Amino acid sequence: MEDRGIIGQLNPAFKLATHGFFMLLLTIISDPFTSFLLMLIPLIITFTMLRLPAKILFTTFVSFLFLFFLSTWSLAAFGRGETIWFQWAWFHFTKEGLMNGLTIGFRMLAFLYYGFIFIMTTNPTSFVLSLMQQFRLRPKWAYALLAGIRFLPLFHQELAQIRAAHRVRGVHRATSLRERLQTAFRFTIPLLAQGIRKAERVAIALEARGFDGSWNRTFYRTIPWGYKDVVYFVVLLLAHGILIGLSTALGMIRWGLV
Amino acid sequence: MSTPQLLCENLSVQYFDRDEPTLKKINLTINQGESVLFLGPSGCGKSTLLYTLSGIIPRSIHAWIKGNVKAPQNVGTLFQDPDSQFCMLEIADEIAFSLENKAIPPEKMPDRIASLKKQMDLDHLPDHTQINTLSGGLKQRLALAAVLAMEPEVLFCDEPTAQLDPAGTRQILNDLSQLKGKHTLVLVEHKLDGLMDWIDRVILFSPEGKIIDEGAPLPLFRRNETAITRYGIWKPKLWPATWESIIKGKHPEKVEQWKPLPKSSPTEKEPLLTLSEGALYHRKDKALWQKVNLTVYPGEWVVLLGPNGAGKSSLLQTLIGIHSLSSGKLSYSFTQSDKELKPEILSQHIGFVFQNPEHQFITDRVEDEVAFIGKLEKWPEKEITEKVEKLLYDFRLLPLREANPYTLSVGQKRRLSVASMLLKEYKLLLLDEPTFGQDATTTEELLERLEILRQRGTAIIMATHDVELAYRHATKAAVLAEGQLLFSGPPEELFTHTEILKQARLERPLYLEYQHRRNFG
Amino acid sequence: MKEKTLNIREVILTVIIAILCGVLYRLWTPIYDFADLLTGFSGQFVYGFWFIASIIAAYIIRKPGVAFLAEMAASSGELLTGSSYGLTTLLSGALQGLGAEAVLMAVRYRRWDLPVLMGMSVAATAGSFIVDYAFWGYAEKTVFVQTMSIILRTVGSLFVCGLLGKWIVDLVAKTGVLNSYAIITSKKKPEWDKS
């Protein structure tokens with residue numbers, strides 16, 4: 001993994017917990033203004049601290065914006081409220097709905113950016129190792145997860161091959177609804193069959209190499225943690241404190257679930 | 001000197017889902033430092049024996065076992081699938097995983113990893129190399145390094161080259177020969193060239209799971225020639241001769257088998273397929289292959305040669321419209337416009353046999369699989385039944401007509417995937433490595449069927465690594481390597497271009513090798 | 001009775017099923033997004049597909065914990081493979097998995113028929129709504145949209161999760177690759193136990 005600055009050096013498991021904590025905090029803020037302010041924190045971290053090329057920053061921003069609109073829309077167009085602007089069939093545009101929609105939209109953006117920071121700064125192997133070393137995830141599950149994610153590109157290729165093969169066989173020429181439904185999910189069978197065989201082979205191979213899934217093992221790589229992780233949490237906590245304080249002072253904040 | 005290290009007495013093994021034992025009353029002793037090969041037809045239980053001796057049965061695979069097995073605790077196993085032996089993403093981590101399992105102190109690991117990488121000739125790869133980026137041969141090498149990290153007394157290998165191309169196969173067999181004597185070696189392997197000259201002992205199995213003979217390789221082969229031929233086991237290419245005796249003219253029948261078959265040149269003037277200046281891009285900037293020109297006439301047999309990853313599969317898939325050309329032009333005698341270059345339309349004229357037969361199975365019964373296209377196109381019931389029965393009979397699948405395609409053996413699956421493409425007569429048949437991993441019998445049968453089709457006017461394009469097949473059967477050879485079509489023309493001519501052969505990592509076919517050796521001593 | 005805890009083979013299988021389902025989810029997401037965007041709830045009918053990993057894994061392996069762990073593996077798989085959604089799905093995955101697991105607990109891991117699998121789907125749906133109400137403001141939608149969402153997602157999950165999951169696994173079982181897992185072995189008895 002390339003150098004992603006200071007955040008790339010943090011302990012993955014603690015980083016996960018920190019992000020989770022502030023995401024939960026966001027869910028009990030129910031006004032758009034505070035949500036917007038708090039969303040700026042992960043956004044600014046992403047733009048200033050990850051050393052990402054502008055192109056990636058831009059494309060993710062655009063795709064996240066789309067999801068922002070999607071979640072805002074789901075409440076703006078179908079939300080409860082007194083001040084009705086427009087109503088047709090079950091479409092129900094209200095002022096309150098839009099406000100709630102924006103809250104949810106900014107919350108969504110914040111979640112996505114927390115997720116994005118995490119995946120861009122975390123090496124999957126280190127993440128799983130630190131879940132095991134710091135959060136006591138059992139080795140059985142940790143190594144199974146690592147073995148599993150290795151297969152992801154392979155399964156994608158496999159899926160493409162199977163669908164291509166089925167197109168060549170002419171499954172699209174099925175006529176009845178029943179046939180159509182069956183052929184639509186038919187490709188899952190070879191995919192699963194192959195995956196199940198691979199799972200079995202990996203299990204056999206790992207056991208043959210002396211893996212018993214227990215804690216009775218040493219670690220080639222130890223994932224460290226230390227003051228940096230505490231600093232990261234404290235800095236985020238301070239930032240949230242300041243922004244929440246600001247919003248309170250302006251009288252904008254509303255606590256509670258939306 | 002000869003201390004027995006592995007021992008089994010009256011060993012019988014039966015899987016829970018079988019009605020019959022796979023192994024029956026096996027007695028076998030293997031001495032320390034010996035290199036032993038288990039040989040037999042597919043399904044004869046040689047892998048089961050290997051798994052039982054190495055403790056995988058019953059530890060990981062459950063089965064009923066009767067009899068005695070004695071084996072050391074510390075053994076290692078190399079498996080056939082290069083993709084399913086790893087659990088880490090980077091190569092150093094993978095070797096370390098074995099060491100971690102043995103609870104070796106972490107401070108000792110870097111040295112051990114470095115020395116294992118050196119031993120297996122992997123030291124040119126940095127520790128953080130992603131395993132997914134390695135070739136099949138290198139993956140197997142890494143797997144071997146990870147197994148050797150356990151310092152096994154016995155090394156078991158279950159068809160370690162089964163999924164490798166010829167270059168990877170040579171690599172791994174050579175690696176194993178280096179380990180001879182250092183570890184006791186027990187192998188199941190079909191590719192005998194590169195193995196016969198160093199293995200100590202061969203154990204020959206009958207299809208019923210019994211040991212019928214054992215001993216040094218060459219005498220054993222001589223004693224059991226008929227059985228081995230009947231079982232469809234691949235024989236070493238030169239066997240029973242040596243280059244010396246062949247050049248002296250002692251085996252004219254052998255040389256005769258290597259000659260190209262008589263090939264009628266296509267009579268039709270109008271090409272069936274024309275691909276001009278074709279290119280397929282990975283991403284915007286990276287060409288998988290480009291400047292590919294290919295013309296195929298009805299009744300031609302074209303082989304597509306080239307190393308793994310050169311794009312043979314993607315070229316075949318482009319020909320049936322699965323991928324669209326990034327630039328260039330593809331046209332068929334039966335298409336009018338580019339809009340028809342889609343699998344939905346092209347597959348009405350072109351058959352495609354995929355590399356992995358399972359990918360193309362779409363029904364739950366062997367019979368339905370073959371009948372599928374007929375039913376889709378609403379042929380008369382009677383015609384379908386008759387043709388299907390004939391095909392099933394020809395491909396030795398009639399007794400299995402009710403079976404689920406997935407439950408067939410490797411060879412049967414391949415035969416089924418081809419049979420299902422023969423119900424309808426296509427103008428062009430595309431095959432992606434159809435002989436890969438097949439036994440000698442299935443390969444021979446398949447090639448005979450294809451030759452009959454070709455003579456009836458079907459054009460065949462086949463991706464393969466098999467230079468003998470190319471030389472003997474093909475009317476045209478095309479070589480795809482380094483992103484380009486390096487050659488397209490008669491196979492006889494291809495094999496005179498030493499430079500191209502080197503670039504595409506191809507060997508010379510035996511007949512030309514014979515002529516070469518005869519002329520230059 | 002056989003061992004209750006998962007062995008390495010079953011753990012890896014659970015993870016692989018989860019990863020495979022992750023591959024399928026990627027095909028599914030655009031369908032859902034599109035269907036849901038326009039009307040506000042019609043995508044709900046196919047929402048249940050996201051719980052299929054726990055149905056498939058539990059139906060095959062038939063041990064306590066599999067349904068929950070399969071969902072957890074599926075969502076951490078998304079995180080590990082670089083989906084920004086990952087952190088969010090981790091929590092919803094946990095609640096969906098807990099829902100499915102609760103149904104199995106209620107039948108004491110003895111029944112594996114269609115009604116139970118459908119029950120798991122409904123319970124997973126309930127779990128998913130907890131997250132939607134807590135995080136995504138479902139309580140503020142109009143009563144009509146809320147009702148429709150609940151009905152459609154629940155009914156839909158019966159089909160695209162329970163029924164589809166069982167159909168797929170039964171077909172896969174016929175291929176013989178599951179012969180050493182509980183779905184097949186639990187039906188086998190030694191000669192002397194057959195009545």
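In what follows, chains are A, B, ... by sequence order, proteins preceding strands, each numbered from 1. If you're wondering where the values come from, they're calculated on a predicted model, not measured in any experiment.
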Heavy atoms of A:Pro190 and B:Glu358 approach each other most closely as CB-O, 3.9 Å
Portion of B:Leu78 that has a non-hydrogen atom of chain A nearer than 4.5 angstrom:
neither
To the nearest 0.5 Å, how far apart are CD1 in B:Ile131 and CZ in A:Arg150?
5.5 Å
Side chain, backbone, both or neither: which part of B:Ala92 has an atom under 4.5 Å from a heavy atom of chain A?
both
Give the table of side-chain donor-acceptor pairs shorter than 3.5 Å for residues 159-166 of chain A, with sequence neighbours excluded, one pair per line with atom names and distance.
from	atom 1	to	atom 2	distance (Å)
A:Gln161	OE1	B:Gln317	NE2	2.8
A:His166	NE2	B:His359	O	3.2

Between CZ of A:Arg167 and CD1 of B:Ile320, what distance do you get to the nearest 0.5 Å?
10.0 Å
Contact leader toward chain A among B:Phe79, B:Phe361, B:Phe156, where contacts are heavy-atom pairs under 4.5 Å
B:Phe79
A:Val168, A:Val202, A:Asp212: which one forms the most heavy-atom pairs within less than 4.5 Å of chain B?
A:Val168
Which bit of B:Asp364 is near chain A, if near means a heavy-atom gap under 4.5 Å: side chain, backbone, both or neither?
both
Taking atom CH2 of A:Trp225 as the centre, report whether more than 12 heavy atoms of other residues, nucleotides or ligands fall under 6.0 Å from it.
no
Just wondering, are more than 12 heavy atoms of other shown residues or ligands nearer than 6.0 Å to NZ in B:Lys424?
yes
Under a 4.5 Å cut-off applied to non-hydrogen side-chain atoms, are A:Arg169 and B:Ser420 in contact?
yes
Would you mind checking which part of B:Glu369 comes under 4.5 Å of any heavy atom in chain A, side chain (CB onward), backbone (N, CA, C, O), both or neither?
both
A quick test of your reading: do over 12 heavy atoms of other residues, nucleotides or ligands sit less than 6.0 Å from CZ of A:Phe135?
yes
Among the listed options B:Lys375, B:Glu344, B:Gln360, the residue most often paired with chain A at heavy-atom distances under 4.5 Å:
B:Glu344
Is it the side chain or the backbone of B:Asn74 that comes within 4.5 Å of chain A heavy atoms, both, or neither?
neither
Please look at B:Ile362 and chain A and tell me whether the side chain, the backbone, both or neither of the residue comes under 4.5 angstrom of a heavy atom of that chain.
both
In terms of heavy-atom proximity below 4.5 Å to chain B, should A:Phe151 be classed as side chain, backbone, both, or neither?
side chain
Validation row: B:Tyr406, A:Ile189 side chains within 4.5 angstrom (heavy atoms)
yes
Quick check: closest heavy atoms across B:Ser60 and A:Ile204, and the distance to 0.1 Å?
CB-CG1, 3.8 Å
Any side-chain heavy-atom pair of A:Tyr220 and B:Met88 under 4.5 Å:
no
Work out which heavy atom in B:Gln85 is nearest to a heavy atom in A:Ala205; give both atom names and the distance.
CA-CB, 3.8 Å
Least distance between heavy atoms, A:Leu206 atom then B:Phe86 atom:
CD2-C, 4.3 Å
Chain A: which of B:Lys108, B:Gln130, B:Gln355, B:Gln348 shares the most heavy-atom pairs with it under 4.5 Å?
B:Gln348
Tell me, yes or no, whether the heavy-atom count around B:His62 atom NE2, taken from other residues, nucleotides or ligands under 6.0 Å, exceeds 12.
yes
Under 6.0 Å between ring centres, would you say that holds for A:Tyr143 and B:Phe97?
yes
What part of B:Ser314 is in contact with chain A, defined as an atom under 4.5 angstrom from a non-hydrogen atom: side chain, backbone, both or neither?
neither
With side chains defined as the heavy atoms from C-beta onward, is the minimum distance between A:Pro124 and B:Leu89 less than 4.5 Å?
yes
Is it the side chain or the backbone of A:Pro139 that comes within 4.5 Å of chain B heavy atoms, both, or neither?
neither
Chain A contacts, top residue of B:Pro105, B:Gly321, B:Ala146 (heavy-atom pairs, under 4.5 Å):
B:Ala146
If you count the non-hydrogen atoms of other residues, nucleotides and ligands that lie under 6.0 Å from CZ in A:Phe61, is the total more than 12?
no
Looking only at heavy atoms and a cut-off of under 4.5 Å, which of B:Arg59, B:Lys102, B:Gln80 has the most pairs with chain A?
B:Arg59
Of the listed A:Gly210, A:Ala203, A:Ser214, the one with the largest count of heavy-atom pairs under 4.5 Å with chain B is A:Gly210
Would you check, one step at a time, whether the test side chain to side chain contact (heavy atoms under 4.5 Å, CB included) holds for B:Cys87 with A:Phe211?
CA-CA 11 Å; B:Cys87 79; A:Phe211 180 57; over 6 Å; no
Distance from B:Thr363 atom OG1 to A:Arg186 atom CZ, nearest 0.5 Å?
6.5 Å
Counting only heavy atoms not in B:Gln73, do more than 12 fall under 6.0 Å of its CD?
no
Looking only at B:Gly76, B:Ser98, B:Pro110, B:Ser54, the option with the highest number of non-hydrogen pairs under 4.5 Å against chain A is B:Ser98
Does the pair A:Thr218 and B:Glu100 meet the rule for a side-chain hydrogen bond (donor to acceptor under 3.5 Å, both in side chains), with working shown?
CA-CA 5 Å; A:Thr218 49; B:Glu100 294 173 334; over 6 Å; no
Distance, nearest 0.5 Å, that separates CZ of A:Arg221 from CG of B:Asp93
4.0 Å
Do B:Glu94 and A:Arg209 come close enough that some side-chain heavy atom pair is under 4.5 Å?
yes
